[in-house]
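Step one of this worksheet: look at the structure below.
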Amino acid sequence: MTKKLNIGLIGYGFMGRTHSNAYHKVTNFFDVPYEPVLQVVCGLEDKVAKAFAERWGYKSHTTDWHKVVEDENIDVVEICVPNNLHAEIAIAAAKAGKAICCEKPLALNVSQAEQMVKAVEEAGVPNLVSFNYRRVPAVTLAKQLIDEGRLGKIFHYRANFLQDWTISANVPQGGMATWRLDIKAAGSGVTGDLLAHCIDTAMWQNGSITDVCAMTETFIKERMHAETGKVEPVGIDDACTFLCHFDNGSLGNFESTRYARGHKALYTFEINGEKASIAWDLHDLHRLSYFDHSDESIVRGWRSIHVTDSDMPYMDKWWVPGLQIGYEHTFVHQVAEFLQNLAEGKSTSPDFREALATQYVCDAVLTSAKNKKWETVKKA
Ligand SMILES: NC(=O)c1ccc[n+]([C@@H]2O[C@H](COP(=O)([O-])OP(=O)(O)OC[C@H]3O[C@@H](n4cnc5c(N)ncnc54)[C@H](O)[C@@H]3O)[C@@H](O)[C@H]2O)c1
């Protein structure tokens, strides 16, 4: 009999759904050492939490996250709430000896992130931060090709994450989903929300970032606050562009904005090496573009690899070659690895300490934009 593992989910929004879905699917597709039991869901509104519990199969619901963390019956705490709550919940969960899966970015700022790392390391609890894009099969394959040396020396890493949903001045700050525009809840704008993903993937594939030079802009300076009903100054960065050096000598070029009309979630990266290049696009997430300079010149060109064969990352667990999976599956992959590592008492990459490294880059980016100077990135 597989051991039961009791899950407590805090936050029933967008991420609450992706994490719940992953727990439902994981045992059907992966050999995992536990049978996850969805015990309790917590969120702000009792009625919504109750409906969520019924729909997703949680045994109970609450509006008080302390009850989840303090519940002796709970083994894993899933943190799927706005960024300003991550630190308090994670530190309490670590002290209570729970394994933790925390949504990204790790925290509001570096100081909170450092305290979170200290808490999980002192308590010795397995932990994971949900930078899920690493687990898109094509993105994982890109990492594999780099690690195999197929690109040779890497010269350039370029990443964008473009959206267009805050162009209207009528979008409020604060409240469900729009808490992202409220500096107190989000900590930063596109830097922590979107570039954190690009930075995590980039450092995983291409090594650490040593220094950065950034610019940010807040295009709409005041917005109505959903909680106070008053027009208040906007503190987040609407757009951010930064240059950087990687430890391996390559140059990085990153851009994110919520003002790129026509783009909903256009996360792309391109990596140029001495021997080959790779490009990827979230809107076509199952394809990896690959250019190999060693091909015979008359057939040399960009290949479009459909990442569905069973010898490609994760794909032996799903359907037959040629058939795709999607966004939600990245969370299933994440949970599968989390459970496998949990059985050995280990954390899963990226753990809190790795996410702290990303937080240091975000912090250096925001400081550089403010000071209009190159900033050195602290090492985690
Ligand atoms: N990995 C990804 O790709 C990804 C995508 C989106 C969001 N996120 C991250 O996930 C987290 C949640 O984002 P979301 O989009 O799911 O937000 P959301 O607005 O959809 O949901 C937030 C949830 O938090 C709950 N909540 C708020 N305050 C609470 C409190 N005091 N006690 C208990 N519950 C409370 C709300 O009830 C709601 O259920 C954020 O940290 C965000 O950055 C990650």
Side-chain angles (χ1 to χ4, degrees), residues 8-22 40-53 55-56 58 61-69 77-90 92-93 100-109 112-113 116 128-136 139 161 163 165 171-201 226-227 236 256 258 264-265 267 282 285 326-335 338 350 355 358-359 362:
L9 170 73
I10 309 178
Y12 50 55
F14 174 21
M15 283 304 109
R17 293 166 67 224
T18 60
H19 289 227
S20 302
N21 179 59
V40 55
V41 58
C42 170
L44 276 181
E45 289 179 53
D46 186 74
K47 217 171 84 185
V48 184
K50 183 169 184 288
F52 189 96
R55 171 177 287 237
W56 287 95
Y58 284 84
H61 70 279
T62 175
T63 54
D64 180 2
W65 64 259
H66 297 90
K67 287 196 179 142
V68 179
V69 167
V77 172
E78 293 277 331
I79 304 177
C80 295
V81 285
N83 309 343
N84 59 327
L85 291 164
H86 292 188
E88 200 186 350
I89 299 175
I100 307 170
C101 171
C102 183
E103 260 308 331
K104 51 52 65 178
L106 183 57
L108 275 188
N109 51 45
Q112 281 191 349
M116 292 165 81
L128 156 73
V129 180
S130 174
F131 282 109
N132 57 301
Y133 290 110
R134 285 185 180 201
R135 291 179 168 90
V136 173
V139 175
F161 206 139
Q163 300 184 334
W165 64 282
V171 177
Q173 53 175 319
M176 183 80 165
T178 44
W179 58 262
R180 285 174 175 76
L181 280 74
D182 177 2
I183 187 81
K184 293 192 291 300
S188 69
V190 294
T191 301
D193 194 32
L194 304 177
L195 283 175
H197 275 302
C198 306
I199 295 163
D200 172 75
T201 306
E227 281 153 25
I236 59 147
S256 184
R258 295 184 183 131
K264 303 301 166 193
Y267 175 12
L282 175 58
L285 90 179
Y327 172 74
E328 71 273 28
H329 302 85
T330 61
F331 295 91
V332 183
H333 301 159
Q334 180 168 280
V335 160
F338 184 57
T358 295
Q359 196 92 33
C362 291

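Atoms within each ligand, like the ligands themselves, are counted from 1 in listed order. Residues take their numbers from the sequence shown, with the count starting at 1. All values below come from the heavy atoms of this structure, side chains included, with hydrogens, waters and symmetry mates left out.
- Atoms of ligand 1 lying under 4.0 Å from any heavy atom of P82, numbered from 1 in the order shown and given with element: 22 (C), 24 (O), 27 (C).
- Taking 4.5 Å as the limit, some side-chain heavy atom of K104 sits within range of a side-chain heavy atom of D193.
- Nearest heavy-atom pair, I100 versus A93, reported as atom, atom and distance to 0.1 Å: CD1-CB, 3.8 Å.
- Per-residue contacts place L44 under 4.0 angstrom from the following atoms of ligand 1 (heavy atoms of the residue considered): 26 (N), 27 (C), 28 (N), 29 (C), 30 (C), 31 (N), 34 (N), 35 (C), 37 (O).
- For atom 33 (C) of ligand 1, the nearest non-hydrogen atom of the protein is C42 SG, 3.8 Å.
- Near A177, meaning under 4.0 Å from any of its heavy atoms, are these atoms of ligand 1: 19 (O).
- The protein heavy atom nearest to atom 32 (N) of ligand 1 is W65 CD1, 3.9 Å.
- At least one heavy atom of P105 sits under 4.0 Å from some atom of ligand 1.
- Those atoms of ligand 1 that come under 4.0 Å of a heavy atom in S130, given as number and element, are 1 (N).
- Ligand 1 has H197 within reach: a non-hydrogen atom of the residue lies less than 4.0 Å from it.
- In this pair, Y58 and F52 present their aromatic rings tilted. The plane angle is within the 30 to 60° band.
- Atom 17 (O) of ligand 1 has its closest protein heavy atom at W179 NE1, 3.4 Å.
- Taking the six-membered ring where the residue is Trp, Y133 and F161 present perpendicular rings, their angle passing 60° and hence far from 30°.
- Ring geometry for H333 versus H329: interplanar angle of 30 to 60°, hence tilted.
- In the vicinity of G43, heavy-atom distances shorter than 4.0 Å reach the ligand 1 atoms 34 (N), 37 (O).
- Close N/O approach between I10 and ligand 1 is not found [any backbone or side-chain N/O within under 3.5 Å].
- Proximity of M15 to ligand 1, defined as any heavy-atom pair under 4.0 Å, is shared by backbone and side chain alike.
- Contacts of K104 with ligand 1, taken as heavy-atom pairs under 4.0 Å, involve both backbone and side chain.
- The minimum heavy-atom distance between Y12 and E45, with the atom names listed, is OH-N, 2.9 Å.
- In plain terms, the two heavy atoms of T201 and V139 that are nearest each other are CG2-CG1, 3.7 Å.
- Annotation for V68 and C42: closest pair CG2-CB, 3.8 Å, computed over non-hydrogen atoms.
- For the pair Q334/H19, a side-chain contact is recorded, criterion being any heavy-atom separation below 4.5 Å from C-beta on.
- Neither the backbone nor the side chain of F52 comes within 4.0 Å of ligand 1, counting heavy atoms alone.
- Counting heavy atoms only, N132 comes closest to atom 1 (N) of ligand 1 of the residues D64, L194, N132.
- The two residues V81 and I10 come nearest to each other via the heavy atoms CG1-O, 3.6 Å.
- The single protein non-hydrogen atom nearest to atom 11 (C) of ligand 1 is V81 O, 3.3 Å, given as residue, atom name and distance.
- Put simply, no part of Y267 is less than 4.0 Å from ligand 1, judged by heavy atoms.
- Ligand 1 has R180 within reach: a non-hydrogen atom of the residue lies less than 4.0 Å from it.
- Of all atoms in ligand 1, listed by their number and element, those nearer than 4.0 Å to a heavy atom of Y327 are 3 (O).
- In terms of heavy atoms, A185 sits closest to L108 at O-CD2, 3.6 Å.
- Judged purely by atom type and a 3.5 angstrom limit, H86 has no side-chain atom pairing as donor or acceptor with the backbone of A107.
- Checking only distances, G16 never comes within under 3.5 Å of ligand 1, N or O to N or O.
- Here the heavy atom of the protein found nearest to atom 39 (O) of ligand 1 is Y12 N, 2.8 Å.
- H61 has its side chain within reach of V41: a pair of non-hydrogen atoms, C-beta onward, lies under 4.5 Å apart.
- The nearest heavy-atom contact from the protein to atom 44 (C) of ligand 1 is E103 OE1, 2.9 Å.
- Sparse packing is recorded around NZ of K67, with 12 or fewer heavy atoms of other residues, nucleotides or ligands lying under 6.0 Å away.
- The protein heavy-atom contact nearest to atom 31 (N) of ligand 1 is L85 CD1, 3.6 Å.
- Nearest to atom 41 (O) of ligand 1 among the protein's heavy atoms is N83 OD1, 2.6 Å.
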